[in-house]
Amino acid sequence: RDAKRLLDEGTDDAVKSALEKLTDAIHRVPSEAEAYALRGRIYLARRQWAPCADDLAAADDHDHTPDTNPELRTRLRLDLATCQARANRLADAELSLLRAQSSQRLASEVALRLGEVRIAMGKLDEAIDALSATPDAQSTSQNAMLHWLLAEAYDRARRPGEAQAQVELALRYDRNLSTIEAPAFPWLGAGEREYLYGVAYALPPQDDLTAARPEYALLYFRRFLQLAPHSPWHKRAEEHVKDLASLAFPISARRDGG
């Protein structure tokens, strides 16, 4: 109760005190699921991925109450998977998402996170299956993320036509590429932001939603190669660099009136 009250205050000092009280509660009653859940979500808010994953996993393990509200259990496992994935525990994150009882309201988020984790694991076909079966998302940002992830998966699977179609769909929700720049949680893997920018600029749609910027794509894929030298997608990025570097720049010139 004291920890919840402190969390409601919302100040840094109150949150710090809440952490101390929750740690004491867990020490006194190690099987108390709610204390682990509260502390884990503080770590989630602070983006401390490993302790968040540990606490939310403990909360899930110790919670033996009947699932009278499946949505609460789904949310717990979604948050758990988010932290596990960003703590580089990808197999654990995949299992947590598969165990999530996805309520109708959370089904699209579960599928999105599952697709994202499987891309990071290199399971491109399974990622595409999960993302392609995603129910209609509840928000513009989720719809944008869905199509950016599919574009990335299709590109890495060397299916450029389908990747380009997904870029076009993504731009209908995210013309300014704000989802790529500032996702709700960090992208999984070094250089993922740069790779997605490269895909967005290398595979422009055909309906002038945005101007073609192959020179930008070249810069982003080169930056990806620097940031992720050991990535399993290193060779695919090199292919993009080779193709883009062979183009004669500029592709087009913009003339302003005056």
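Heavy atoms only: backbone and side chains are in, while hydrogens, waters and symmetry mates are out.
Distance check, rounded to the nearest 0.5 Å: CG of Leu95 to CG of Leu98 gives 6.5 Å.
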- Show the numbers, then the answer: is there a side chain to side chain contact (heavy atoms under 4.5 Å, CB included) between Leu225 and His240? CA-CA 11 Å; Leu225 292 174; His240 280 299; over 6 Å; no
- Query: Does the side chain to side chain contact (heavy atoms under 4.5 Å, CB included) test come out yes or no for Arg77 and Leu97, once each step is laid out?
  - Reply: CA-CA 7 Å; Arg77 288 174 176 166; Leu97 290 164; over 6 Å; no
- Item | Evaluation steps, salt bridge (charged side-chain N to carboxylate O under 4.0 Å, His left out), between Arg159 and Asp155 | CA-CA 6 Å; Arg159 296 161 66 176; Asp155 174 78; over 6 Å; no
- Test side chain to side chain contact (heavy atoms under 4.5 Å, CB included) applied to Leu169 and Leu146, step by step: CA-CA 10 Å; Leu169 290 169; Leu146 166 65; over 6 Å; no
- Task: Go through Arg118 and Leu114 one step at a time and tell me if the side chain to side chain contact (heavy atoms under 4.5 Å, CB included) criterion holds.
- Result: CA-CA 6 Å; Arg118 284 175 167 170; Leu114 182 59; 3.7 Å; yes
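For Arg223, the side-chain hydrogen bond (donor to acceptor under 3.5 Å, both in side chains) test picks out Gln226, with sequence neighbours left out. Listed by chain and residue number, nothing satisfies the ring-ring contact (aromatic ring centres under 6.0 Å, His included) test with Tyr43 (two or more places apart in sequence, or in another chain).
Side chain to side chain, Ser96 and Asp92 fail the donor-acceptor criterion of an N or O pair below 3.5 Å. Between the side chains of Thr23 and Arg39, at least one donor-acceptor pair of N or O atoms lies under 3.5 Å.
A heavy-atom distance below 4.5 Å is found between the side chains of Trp148 and Leu171. Taking the side chain as every heavy atom from C-beta outward, Arg46 and Val15 approach each other to under 4.5 Å. The side-chain heavy atoms of Leu150 and Glu162, taken from C-beta on, include no pair separated by under 4.5 Å. Residues Phe221 and Val199 meet the side-chain proximity criterion, which asks for heavy atoms closer than 4.5 Å. The side-chain heavy atoms of Leu196 and Phe224, taken from C-beta on, include no pair separated by under 4.5 Å. Arg99 has its side chain within reach of Asp60: a pair of non-hydrogen atoms, C-beta onward, lies under 4.5 Å apart. Taking the side chain as every heavy atom from C-beta outward, Asp55 and Arg41 never approach each other to under 4.5 Å. Counting only heavy atoms from C-beta outward, the side chains of His62 and Tyr36 approach each other to under 4.5 Å.
Between Arg75 and Glu71, none of the side-chain N atoms (NZ, or NE/NH1/NH2) sits under 4.0 Å from a carboxylate O, so this pair counts as no salt bridge. A salt bridge does not link Asp12 to Lys16: none of the charged side-chain nitrogens sits closer than 4.0 Å to a carboxylate oxygen. Remark: Asp63 engages Arg73 in a salt bridge, criterion side-chain N to carboxylate O under 4.0 Å. By the 4.0 Å N-to-carboxylate-O rule, Arg236 lies close enough to Glu239 to be salt-bridged with it. For the pair Glu116 and Arg113, the salt-bridge criterion is met [side-chain N within less than 4.0 Å of a carboxylate O].
Linking ILVMFWY residues whenever their side-chain heavy atoms come closer than 4.5 Å, directly or via other members, places Val110 and Met121 in the same cluster. Note: the hydrophobic cluster containing Tyr197 also contains Tyr216 (ILVMFWY, side chain heavy atoms under 4.5 Å, direct or indirect links). Leu80 and Leu78 sit in two unconnected hydrophobic clusters of ILVMFWY residues. Membership requires side-chain heavy atoms under 4.5 Å apart, directly or through other members. With hydrophobic clusters built from ILVMFWY side chains whose heavy atoms lie under 4.5 angstrom apart, Leu22 does not share a cluster with Leu56. Leu106 and Val117 end up in the same hydrophobic cluster when Ile, Leu, Val, Met, Phe, Trp and Tyr side chains are linked at under 4.5 Å.
Here the closest heavy-atom approach between residue Leu44 and residue Cys52 is recorded as CB-SG, 3.7 Å. Closest non-hydrogen pair, Ala85 versus Leu90, comes out as O-CD2, 3.8 Å. Closest heavy-atom contact between Val167 and Ala200: CG1-O, 4.1 Å. Scanning both residues, Gly198 and Ala217, for their nearest heavy atoms gives O-CB, 3.5 Å. Taking each heavy atom of Gly115 and Ala127 in turn, the nearest pair found is O-CB, 3.5 Å. Considering every non-hydrogen atom in both Ala151 and Ala163, the closest pair reads O-CB, 3.5 Å.
Between Trp49 and Phe185, the two ring planes are perpendicular [angle over 60°; tilted spans 30° to 60°]. Classified by interplanar angle (parallel below 30°, tilted 30° to 60°, perpendicular above 60°), the ring pair Tyr173/His147 is parallel.
Looking only at distances, a side-chain donor or acceptor of Ser246 sits under 3.5 Å from a matching main-chain atom of Asp243. Arg86 places a side-chain N or O within donor-acceptor distance of the main-chain N or O of Thr82, the cut-off being under 3.5 Å.
Within 6.0 Å of atom CZ in Arg158, more than 12 heavy atoms from other residues, nucleotides or ligands are found, so the atom counts as buried in its surroundings. In this structure, Glu34 places its CD atom where only 12 or fewer heavy-atom neighbours from other residues, nucleotides or ligands lie under 6.0 Å away.
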Could you list the donor-acceptor pairs under 3.5 angstrom formed by side chains in residues 186-193, with sequence neighbours left out?
residue, atom, partner, partner atom, Å
Trp187, NE1, Ile180, O, 3.0
Glu192, OE1, Arg156, NH1, 3.3
Glu192, OE1, Arg156, NH2, 3.4
Glu192, OE2, Arg156, NH2, 2.7
Arg193, NE, Glu181, OE1, 3.1
Arg193, NH2, Glu181, OE1, 2.9

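The side chain to side chain donor-acceptor pair (under 3.5 Å) with Asp174 is formed by just one residue from the set Asn143, Thr179, Thr140; it is Thr179.
Aromatic ring centres of Tyr220 and Tyr195 lie farther apart than the 6.0 Å criterion allows.
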